[in-house]
Amino acid sequence: MATMKRIMVTGASGFVGRRLTPLLAALPGVEAMAPLGGPDLPAGQTVDILDATAVEQTLRDFAPTDIVHLAAASSVAGAGQTPETAWDVNLIGVRNLAAAARRLDDPVRFLFASTGEVYGRAFLDGPVSEDTPPQPASTYARTKLAAEHLLEDLSGDRLKVTVLRLFNHTGPGQDTRFVVPAFAAQIAAIEAGAEPTGVVRVGNLEARRDFSDVEDILAAYEAVVRDDAEGPAFARYNVGSGQVRTIRSILDLLIDQARRPVTVEEDPARLRPSEIAVAGGVFDRFARRYGWSASTPFERTVTSVLDDQRASIGPASPAGT
């Protein structure tokens, strides 16, 4: 008889977490959920993952069979601006959680949200696979790679670790530190009359990135959690759509849907200092293991993000007012 799952999700109030928690709760065989997140999380719990004592007590009280660790300093730019916080949250927080899990009475499966950013300058040599040596080029990427190494050392019979190196993903509700909602928010503001110049300010539009819809990423998490097959103590997988596109092409998709005229202007403040021209990945390993592939048309994704930003700003004002 299969063991009933007790799933703890950290970062449950975040962009992915608030969608993933109810999705996992509805799976067959899930006995209980423990969403950990911010104070705005309904029916959840707030735990400081830097407080090792509180983390250990929380795990002992709930006794998870599975931990999905999403909580992180997740903005690439934001992590670079606050390196101390990024290292604390993205490494020390992982250590506290994983070490406490290893001390529980029963083994735990630990699903860790890492990032394709760990490859960094390795992208300069072409699409990267899990066997490509990482060359992280940002604080965020370095913290995530360090956490992967930590988890590999802690993995074993008591802690089975799966690392997902997630490439870019977006959807409604993502905050405007990220490129697709950042563009969409500016266009929605122009439509609403809140940006009378009609200018969208941009960074490097020629960079090419792999983007997935957040719903496809949720399906990837679900595939891992559902899977009960015996696997290695530690495994890592790239997860992405397999299609790179220019940032300009994303902006064009949004401008095509704009309800008022839009002009584009480069903003030096939005140019990142260590830009990689093309960041593509090889995703065969995850597809073979879990039968997953991204399936949502990106045009639909972009429309949903723009509609979400329009709803958050309010109705458009008539043209010319």
Side-chain angles (χ1 to χ4, degrees), residues 8-18 35-41 44-59 67-103 110-123 133-155 159 161 163-169 174-179 181-182 203-204 209 236 267-276 279:
M8 177 174 286
V9 179
T10 72
S13 56
F15 170 57
V16 172
R18 62 180 177 265
L36 308 183
D40 58 340
L41 179 66
Q45 184 176 354
T46 300
V47 176
D48 181 0
I49 63 171
L50 299 183
D51 184 337
T53 301
V55 168
E56 178 135 16
Q57 189 59 57
T58 300
L59 264 65
I67 296 172
V68 181
H69 186 43
L70 307 178
S74 61
S75 166
V76 177
Q81 292 160 11
T82 57
E84 296 89 350
T85 300
W87 278 102
D88 284 347
V89 173
N90 293 351
L91 183 61
I92 305 304
V94 171
R95 183 201 64 186
N96 290 343
L97 197 61
R102 279 178 18 122
R103 291 191 287 267
F110 195 102
L111 175 51
F112 177 59
S114 187
T115 173
E117 290 280 337
V118 299
Y119 293 110
R121 293 187 63 80
F123 284 120
Q135 299 178 46
S138 69
T139 299
Y140 171 61
R142 287 187 286 271
T143 63
K144 284 293 195 176
L145 183 60
E148 288 188 25
H149 290 317
L150 170 70
L151 288 170
E152 188 167 13
D153 285 347
L154 295 181
S155 65
L159 190 72
V161 176
V163 171
L164 300 186
R165 287 179 172 170
L166 299 153
F167 283 56
N168 300 72
H169 46 283
Q174 189 176 37
D175 77 50
T176 55
R177 292 175 300 167
F178 297 88
V179 64
N204 177 14
R209 297 291 182 266
R236 61 169 60 90
D267 179 0
R270 296 173 187 263
L271 295 171
R272 284 170 49 189
S274 58
E275 194 70 77
I276 302 296

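Just so you know, these numbers use all the heavy atoms, side chains as well, and skip hydrogens, waters and symmetry mates. Along the sequence shown, residues carry numbers from 1.
Nearest heavy-atom pair, A73 versus V89, reported as atom, atom and distance to 0.1 Å: N-CG1, 3.7 Å. Looking at every heavy atom in both residues, T176 comes nearest to P181 through CG2-O, 3.7 Å. Annotation for P133 and A122: closest pair O-CB, 3.6 Å, computed over non-hydrogen atoms. Counting all heavy atoms, side chain and backbone alike, T139 lies closest to P83 at CG2-CA, 3.9 Å.
Atoms CD and CG, from E56 and L97 in turn, are 11.0 Å apart once rounded to the nearest 0.5 Å. Interatomic distance, CZ of R102 versus OG of S155, reported as 8.5 Å (0.5 Å rounding). Atom OG of S13 and atom CG of L36 lie 9.5 Å apart (nearest 0.5 Å). Put simply, CG on D51 and CG on N96 are 8.0 Å apart, with the number rounded to the nearest 0.5 Å. Summarising the geometry, atom CZ belonging to R103 is positioned 9.5 Å from atom CG belonging to L59; distances are rounded to the nearest 0.5 Å.
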Review point. How far apart are the C-alpha atoms of V179 and N168, what are their side-chain angles, what is the distance that settles it, and do they pass the side-chain contact (heavy atoms from CB on, under 4.5 Å) test?
Key: CA-CA 10 Å; V179 64; N168 300 72; 5.7 Å; no
Practice item. Carefully, step by step, assess D153 and H149 under the rule side-chain contact (heavy atoms from CB on, under 4.5 Å). Key: CA-CA 6 Å; D153 285 347; H149 290 317; 5.6 Å; no
Exercise for review: Could you please spell out the steps behind the side-chain contact (heavy atoms from CB on, under 4.5 Å) verdict for V55 and V47?
Suggested key: CA-CA 7 Å; V55 168; V47 176; 4.1 Å; yes
Exercise for review: Show the numbers, then the answer: is there a side-chain contact (heavy atoms from CB on, under 4.5 Å) between I67 and L111?
Suggested key: CA-CA 6 Å; I67 296 172; L111 175 51; over 6 Å; no
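Panel note: side chain R95, backbone L91; no donor-acceptor pair is recorded below 3.5 Å. Proximity of a side-chain donor or acceptor of S138 to a complementary backbone N or O of A141 within less than 3.5 Å is detected. Panel note: side chain K144, backbone A113; a donor-acceptor pair is recorded below 3.5 Å. No donor-acceptor pair closer than 3.5 Å links the side chain of N90 to the backbone N or O of T143. At least one donor-acceptor pair under 3.5 Å links the side chain of T10 to the backbone N or O of L70. Looking only at distances, a side-chain donor or acceptor of Q174 sits under 3.5 Å from a matching main-chain atom of H169.
For the pair R165 and Y119, the cation-pi test (distance below 6.0 Å, angle within 45°) is passed.
Counting heavy atoms from C-beta outward, I49 and H69 have side chains that approach closer than 4.5 Å. Side chains of M8 and T58 form a contact here, defined as non-hydrogen atoms less than 4.5 Å apart. For the pair F112 and V94, the minimum side-chain heavy-atom distance is below 4.5 Å. Inter-residue side-chain proximity for W87 and E84 is flagged as unmet; no heavy-atom pair is nearer than 4.5 Å. A 4.5 Å side-chain heavy-atom check between L166 and V16 finds every atom pair outside the cut-off. With a 4.5 Å cut-off on side-chain heavy atoms, T115 and Y140 count as touching.
Residues passing the salt bridge (charged side-chain N to carboxylate O under 4.0 Å, His left out) test with R270, sequence neighbours excluded: D267.
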